[in-house]
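Below is one structure; the comments refer to it alone.
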Amino acid sequence: MHKTPQVNEVNEFIEIASDFEDPLEVIREALSNSYDAGATQVDIKIEQDAEGRNTLIIKDDGHGMDEDDLSSFFDLGNSNKDDAIGYKGHGTKIYYKSDKIRVETVTDGTRIESVMDQPWAKLNDRELPTYSIEETESDEPSRTRIEVHGFRAGQGFDPRKLTYNKIEHYIKWKTIGGSTAWHFGDDFHEMDINVELSPTIDDTQDQIETDNRLQFPPENRDPEGEFVAEEMCKHYPPRELTVTLDDSRELTIEVVGMVGGKEARNKLPTYGKHSAQFGIWLAKDHIKVERYNDAIGADNEFFHFFFIANCQDLELSANREKIRNKSGDVYQSITDELNRYMTKVCQDSWYRNYIERRKLENKQRSIQSQGSSLEERLQHTKDQGGLSPSNPAEVIAALERYSANGSPETLEIADFRLDEEVNAIVDTDEGYKNAALQVKLSDFFENETPLTHIDRFICWKLGDLDALTKIERSSYLGKPIRFDFSNNEVTYGDENKKTIPVLELADKV
Amino acid sequence: MASFDVVAEAGEARRGQLQINDRTLETPHLFPVINFYGGGNEGALFGGGVHRTIKEFLAHDNEVTGGEDYSDLFNGVMTSISSLADYGIREKKLEWYLDNEIREWDCFSDYDGMIFADSGGYKILKQGGLEGEDFEKDIDQDKALDIQLDLGPDIVVNLDHPIHPDDEFEERIEKMEQTAANAARFAERRDEVNGACYLTVHGYYEAMLERSFDLIEDELAEPIPEAFDGIALGSLVPRKDNVEVLVEAVSDCKREMQQRGYDDLPLHVLGISGNAMPLLVAVGADTFDSASYLHQAINGKYCVNLFETVPIDEANFDDCECRICNDDFHRARMRNEMDDLYQKDILGSVAAHNLAVQQRELRKFRQLIAEADKERVAEYLEEAVKDQKGFRKFAYQLINERINPYFEETDTTYA
Ligand SMILES: [Zn+2]
């Protein structure tokens, strides 16, 4: 004997309608459906009556629905949208959490009006709701209008959370409104998106007018100024990567993205935590799904990057929040290829220059704050009237003071702090000077310590002259440097050149 | 007597012909290290183990080769005077070895490849000389050259004092000065060499290499290209796994040669092979030497490509295009399926395969360079490193900066 497993249809509807927790998902579903219907314009309106009940009105100029399409709209599991964004037509079932659904649609000279009364109440009474259909002839262009009265999603649909600001960023982040498809041509068509909230929900601004294109902030590859790394931005143009699987199936990955500093990134839409949205996104239908920051490798920080890698072979969970086929070789091949691509981006000369510039500017900033702390130290040193040894390094420094007794100039260690960048203050004929005291001069440069506050170098010996020549040939912290060993001095900088005398003790003691 | 002609270039990579007397070698080329004398007698090809099997390949002994001619694997080989004492021989035997040049022994008389006789600087200096069972010889430049010449070589190189990355500056200078002094003495005896003379230089980056060249030039009585036929870059072995350092050293050495007008000389990279070779060819290296093919085999490792090895019993010979793997005789040997096989019979075939894999990559590279197409070279490199996670970023960097930028300015016509 064979038995057929039974499905409790009512429960099924309840579960699917409850699958969507975030009220914003209504907007995502609506936009995707309109896009799939070929719409070039979609208007979403959320109204609220005096009792606080909400009505969604979604209008588009897409190809409209015939009776079959309407069945898919209301029914479960017989979607005719094979390649479309909605997953098995479950998306529209979110509207069942309402008091009334009314659909008005025009297609091929036929206008259909369809109403479903009390879907949510009936489901909760264990009854399958029905919908009416009324057909009339019409010479209007095709369109669809969906009204959902008394809508409640998730744990109570709270429209106060639906500010314009939040919706706008959500659209650009999580829906087709933030699609990167337009970079890759082919199936893309432009769609204008309009969202209007009733003033009782949000009256802070006019309605949202946007489209279905995610835009990167403008390029700013080589800005002028002292602290500019944050403004830097470069686009990495659309690329199609192909991978061949072991079974010789071919996958296409469409990648587009940008690298940029904080200022540039702030121009991007934000949904959720700012820090949680940068890096490398895997996408389907060109809509971001999950991040895969491993693609950048441990040497690089994810937040400089914003890349979207689309692959139609990724499979998503019903609510589109997760990738389902992570264990398979498809996912493995996609991420492998993405790793390779991102390695290339990370080896791009512009990117390396950007990171270098950023590092230099950070050092520059720390010098500025160091300036004031050095002032304090100098004051403290003056007040204290010299050195009282408290660690071995200071004793060494004191010995040097002793050994310098017979030297042509007075040079006494007045203050020494081992772990500070400028580790010594020396008392000279010309007053107090900031000094770097090193066993080997070349060690100092190995640490890439800034020279801004250093007036003197005191070292036991110069160290590795080849290493110093290497630095001289490239540059030091972005600026030219010269080591003049015959005159015992270091010159540093371009226009505001600075000369720092070097005292090498080894030949003097 | 010796000439080097560049026949094609792709970016900084070049394909050349090294001609010494009547022998010609296509570059880039890898000189496999061979120990011609391993403590044994002529009848046993001077020594046992895998070394002997390799020599049987080289001398095409049919019982080992299976009747095929594999001499193309040994067009140019490297041998070192320090290897003479590898097996703790007695002085009498050493003298006997050195009585006849390698090709004067019957067993090697058919060998027609080039012999690069290394001074063995690294090993000799570490041990303080040449040490046998009943003798200890201090080796200086003159003695090193005497022994090198006794082998009947095509290429000889001065006795060098390799530097180490951890050397203090003064120590490094001292070694470089000793190498320079040796180079000068070596140049004085130039006329005794019936072949090519190579000069060793040392350094990990331009400033060091500049110093190395300067010190040598100061010691020499004539310009480098008049005294020497090639440059050998040494001291890289301790950094063999750091491809970034290797690329910097080779490309800086190359630049230094260009600036001094020695660009026409071939550049040999001492002691390096394997995965770094393609990148080093891309920045201008011409030849390499290494014993890794042999050491891998001795450790039971079969090369899948330049990057990976697998234990010999896990090897899939069908995946390899080399002649060894496509020969049932060697397959049976490598699988240990024949009667009375010694370990050396199994591992000898594996070593020959390992060598073939490395040389195959260089042959591919030679063909690509012949097309003089930078893009194809970049593609080849990219494909070669595509699954090597840690390695590929250096390769991509090199391709990006020196061969074919991934994100050209013109590429950013952004919609
Ligand atoms: Zn093989």
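Each chain gets a letter, A, B and so on, in the order the sequences are listed, and its residues count up from 1. Values below: all heavy atoms of this structure, side chains included; hydrogens, waters and symmetry mates excluded.
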Check your understanding: So, do B/R392 and A/K344 sit near enough that their side-chain heavy atoms are less than 4.5 Å apart?
Key -> no
Exercise for review: Give the member of B/V385, B/L398, B/N400 that has the highest number of heavy-atom pairs under 4.5 Å with chain A.
Suggested key: B/N400
Exercise for review: Kindly indicate whether the side chain of A/W350, heavy atoms from C-beta on, has any atom under 4.5 Å from the side chain of B/F407.
Suggested key: no
Check your understanding: Less than 4.5 Å apart, any side-chain heavy atom of B/M208 and any of A/T469?
Key -> no
**Study point:** Close side-chain approach of B/Y406 and A/D348, heavy atoms under 4.5 Å
**Key:** no
Point to revise | Trace of the side-chain contact (heavy atoms from CB on, under 4.5 Å) decision for B/E401 with A/Q347 | key: CA-CA 8 Å; B/E401 287 175 359; A/Q347 296 306 331; 5.8 Å; no
Point to revise | Heavy-atom side-chain proximity of B/Y205 to A/D466 below 4.5 angstrom | key: yes
Review point. Salt bridge between A/K470 and B/E248, side-chain N to carboxylate O under 4.0 Å?
Key: yes
Review point. Taking NZ, NE, NH1 and NH2 as the nitrogens, is one of them in A/E337 or B/K386 under 4.0 Å from a carboxylate oxygen of the other?
Key: no
Check your understanding: Looking at A/A467, A/C346, A/G297, which one has more heavy-atom pairs under 4.5 Å with chain B than the rest?
Key -> A/A467
**Study point:** Interface moiety of A/L468 toward chain B, non-hydrogen atoms closer than 4.5 Å
**Key:** neither
Point to revise | For chain B, the option from A/D336, A/L462, A/D299 that forms the most heavy-atom pairs under 4.5 Å | key: A/D299
Point to revise | Donor-acceptor under 3.5 Å (B/Y396 side chain, A/R340 main chain) | key: no
**Study point:** Region of A/N339 that comes under 4.5 Å of a non-hydrogen atom in chain B
**Key:** both
